[in-house]
2 protein chains.
Amino acid sequence: MKKANTPSRRRGDLMSPACPSRDVLKHLTSRWGILAVVALQGGSTLRFGELRRAIGGVSERMLAHTLQLLEGDGMVERIAHPVVPPHVEYRLTPLGREAATRLRGLAEWIEGSLPRFQKVWKEQGSADRLAR
Amino acid sequence: MKKANTPSRRRGDLMSPACPSRDVLKHLTSRWGILAVVALQGGSTLRFGELRRAIGGVSERMLAHTLQLLEGDGMVERIAHPVVPPHVEYRLTPLGREAATRLRGLAEWIEGSLPRFQKVWKEQGSADRLAR
DNA sequence: CGGTATCCCAAAGGATACTG
DNA sequence: CAGTATCCTTTGGGATACCG
């Protein structure tokens, strides 16, 4: 019979409420998701503590949780060396590096555009009306 | 005197906990932020209801709130025609279009990579261990 | 060192009803 | 039509303590 449409496993649609691609987006856009990927960008492998210090403000609990989400999506690889004290390294997988390209672009654009945002915030009183 | 460093208004640093650029990231990565920007991408102006139908699953309350955040950051422009019944249109500002470029790239990559994510989810039992 | 386990809270977000 | 207002539930995420 027709194989014209393979509805389920062809391609995601973020505009559809039930699409599994929403989960990927959710993980990447969790509070620390983007920052973790960006911190790992560059191919370097980082230890848990290094990563934690690189990402200002993240708690151990949330960093571990975020890394598990990303590992579950195949974007981060966890390498645990069986020594004591523990030595665990994280690095991006090929899939994660693809994500990192986009996320780094976004991150750098935001950072570089900050002066313009601040101008907007100053000109209008948006800071007062809305929770920042 | 030296003008070598203008610490505050030069450029953002997302890795710093207190940097205001974190607010922009937070707004864009709120549950509906990216989807709203992507839905408006293309330069077209959309009415509130059209936008709502375009973004599957968003409630009126959250769409209005998200649009206000984006408007407050100068990425979305709200054009209200004083007629009855109300007629309100939304479109991206130049700043918003710059964001849209990055976000559309991310969104399309996620959508196109869904088969690979599903493969990862199937191979490892990550769906069981972690909340999706 | 690199985590879990537990507890707790603020905030994000949904449902519903109402309004200019 | 395009919102607010209100109420309520869920959950993201911080603090702390403990463990292999």
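Proteins get letters first, then strands, A, B, ... in listed order; numbering begins at 1 in each.
- With rounding to whole Å, B:E71 atom CD is found 15 Å from D:dA2 atom P.
- Sorted by first and then second residue, the side chain to side chain donor-acceptor pair (under 3.5 Å) pairs involving residues 47-63 of chain A (not counting sequence neighbours) are A:R47-A:H87.
- Summarising the geometry, the separation between CD on B:E89 and C1' on D:dG3 is reported as 16 Å, rounded to the nearest angstrom.
- The interatomic distance linking A:I55 (CD1) with C:dG2 (C1') rounds to 15 Å, in whole Å.
- In this entry the distance linking CG of A:L67 with P of C:dG3 reads 8 Å, nearest Å.
- Taking 4.0 angstrom as the limit, B:Q68 places a side-chain polar atom (N or O) nearer than this to OP1 or OP2 of D:dT4.
- Contact check on B:R11 versus A:E111 returns a salt bridge, with a Lys/Arg side-chain nitrogen under 4.0 Å from an Asp/Glu carboxylate oxygen.
- One finds no salt bridge joining B:E108 and A:R102 here, because no Lys/Arg side-chain nitrogen approaches an Asp/Glu carboxylate oxygen to under 4.0 Å.
- The heavy-atom pair separating B:T66 from B:S30 by the smallest distance is CG2-OG, 4.4 Å.
- What you find for A:C19 and A:G12 is that their closest heavy atoms are SG-CA, 3.7 Å.
- Between A:D73 and A:V24, the closest heavy-atom pair is OD2-CA, 4.3 Å.
- Direction change of the helix axis from one end of the helix from C:dC1-D:dG20 to C:dG20-D:dC1 to the other is 60°, with five pairs defining each end axis (rounded to 10°).
- Regarding B:K26, its NZ atom lies at a distance of 10 Å from the C1' atom of C:dA10, rounded to whole Å.
- In this structure, A:F117 and A:W109 have perpendicular ring planes: the angle between them is above 60°, well past the 30° mark.
- In terms of phosphate contacts, A:R78 brings a side-chain nitrogen or oxygen within less than 4.0 Å of OP1 or OP2 of C:dG3.
- Taking all atoms of both residues into account, the shortest heavy-atom contact from A:L46 to A:A39 is CD1-O, 3.6 Å.
- Nucleotide C:dC1 holds its P atom 16 Å from the CG atom of A:L46, rounded to whole Å.
- Rounded to an integer number of Å, the gap from A:I79 CD1 to C:dG3 C1' is 17 Å.
- Scanning both residues, B:L114 and A:P20, for their nearest heavy atoms gives CD1-CB, 4.1 Å.
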statement: Its contact letters, B for base, S for sugar-phosphate only and - for none at protein heavy atoms under 4.0 Å, make nucleotides 13-20 of chain D read BBB----B
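- The distance between atom CG of A:L35 and atom P of D:dG12, rounded to the nearest whole Å, is 17 Å.
- Side-chain nitrogen and oxygen atoms of B:Y90 include none within less than 4.0 Å of the OP1 or OP2 phosphate oxygen of D:dC1.
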